[in-house]
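Keep in mind that this is a model prediction, so the values were computed, not measured.
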Amino acid sequence: MNLPLKVSNVALGEVVEIQRYLEQARAGTGVRFRAELEHCFSIIQQYPGGARTRYRCYRLMPILTFNDHVIYSVRTNCIVSIACATCTKDR
């Protein structure tokens with residue numbers, strides 16, 4: 001199943017901020033993050049129900065090699081990316 005993916009303005013702003021932060025911290029990391037994000041989006045499009053529902057109708061899909069997740073919702077005719085969140089563990 002390949003549903004169209006819509007990225008919300010909030011999610012787009014968060015992605016830009018994360019990418020900018022990573023690029024300032026280490027050259028090339030922002031570009032790598034964007035490539036991993038695009039890969040994550042393609043997996044979500046192919047398998048929209050692949051991630052477990054976390055809260056009501058929202059799902060979390062991890063972005064490989066980063067501590068970030070895409071938060072999305074599957075609608076009847078599309079997938080909406082709500083946000084991009086960094087997940088950290090308290091030690």
Side-chain angles (χ1 to χ4, degrees):
M1 174 189 287
N2 243 350
L3 292 173
L5 179 81
K6 297 178 181 178
V7 180
S8 71
N9 290 336
V10 172
L12 188 59
E14 290 170 347
V15 166
V16 168
E17 278 300 310
I18 292 169
Q19 189 174 356
R20 185 179 300 135
Y21 172 79
L22 291 171
E23 196 61 36
Q24 287 176 351
R26 188 169 181 192
T29 309
V31 175
R32 218 173 77 232
F33 171 78
R34 189 61 177 235
E36 292 288 341
L37 178 66
E38 293 297 327
H39 179 70
C40 182
F41 282 159
S42 69
I43 292 172
I44 290 171
Q45 281 186 289
Q46 290 175 6
Y47 308 103
R52 192 174 78 204
T53 302
R54 296 291 182 163
Y55 177 75
R56 297 185 188 191
C57 63
Y58 301 107
R59 300 171 184 267
L60 263 70
M61 178 66 74
I63 302 171
L64 301 177
T65 70
F66 291 92
N67 279 340
D68 299 294
H69 288 71
V70 172
I71 302 170
Y72 70 99
S73 176
V74 180
R75 308 286 167 83
T76 55
N77 59 350
C78 69
I79 302 165
V80 179
S81 174
I82 308 298
C84 187
T86 300
C87 299
T88 58
K89 293 181 181 178
D90 293 336
R91 295 178 187 214

For this session: Indicate, with yes or no, if Ile63 and Tyr21 share a hydrophobic cluster defined by side-chain heavy-atom contacts under 4.5 Å among Ile, Leu, Val, Met, Phe, Trp and Tyr.
Result: yes
For this session: Could you walk me through whether Ser8 and Tyr72 pass side-chain contact (heavy atoms from CB on, under 4.5 Å), step by step?
Result: CA-CA 10 Å; Ser8 71; Tyr72 70 99; over 6 Å; no
Seminar exercise, completed: Rounded to the nearest 0.5 Å, the CZ atom of Arg59 sits from the OG atom of Ser73 at a distance of 8.5 Å
For this session: Take Leu22 and Arg26 through the side-chain contact (heavy atoms from CB on, under 4.5 Å) test and state the conclusion after the steps.
Result: CA-CA 6 Å; Leu22 291 171; Arg26 188 169 181 192; over 6 Å; no
Problem set entry | Minimum heavy-atom distance between Leu5 and Gln45, given as atom pair plus value | N-NE2, 3.7 Å
Problem set entry | Reported SG-to-CE distance for the pair Cys84 and Met61, which is rounded to 0.5 angstrom | 13.0 Å
Exercise. From Thr65 OG1 over to His39 NE2, what is the distance, rounded to the nearest 0.5 angstrom?
Worked result: 10.0 Å
Exercise. Nearest heavy-atom pair of Pro62 and Cys40: which atoms, and what distance?
Worked result: O-SG, 3.7 Å
Exercise. Going hydrophobic residue to hydrophobic residue with side-chain gaps under 4.5 angstrom, can you get from Leu12 over to Ile18?
Worked result: yes
Problem set entry | Shortest non-hydrogen contact between Leu3 and Arg75, atoms and distance | CD1-O, 4.4 Å
Exercise. Quick one: do Tyr47 and Val7 end up in the same hydrophobic cluster if we chain Ile, Leu, Val, Met, Phe, Trp and Tyr together by side-chain heavy atoms under 4.5 Å apart?
Worked result: yes
For this session: Might you point out which heavy atoms bring Gly30 and Glu23 nearest each other, and give the distance in Å?
Result: N-OE1, 2.9 Å
Exercise. Out of curiosity, does Ile82 fall in the hydrophobic cluster containing Val16 (side-chain heavy atoms, cut-off under 4.5 Å, transitive links)?
Worked result: no
Exercise. Hey, what do you get for CZ (Arg54) to NE2 (His69), rounding to the nearest 0.5 Å?
Worked result: 7.0 Å
Exercise. With a cut-off of 6.0 Å (strictly less than), are more than 12 heavy atoms of other residues, nucleotides or ligands near CZ of Phe41?
Worked result: yes
Exercise. Which pair of non-hydrogen atoms, one from Ile44 and one from Val70, has the smallest distance, and what is that distance?
Worked result: CD1-CG1, 3.9 Å
Exercise. Do Arg34 and Glu38 sit within salt-bridge range, that is, some charged N less than 4.0 Å from a carboxylate O?
Worked result: yes
Seminar exercise, completed: Value for OH (Tyr58) from OG1 (Thr53), rounded to nearest 0.5 Å, stands at 11.5 Å
Exercise. Hey, does Thr29 have a side-chain heavy atom less than 4.5 Å from the side chain of Phe66?
Worked result: yes
Exercise. If you round to the nearest 0.5 Å, how far is CD of Glu14 from CG of Asp68?
Worked result: 10.0 Å
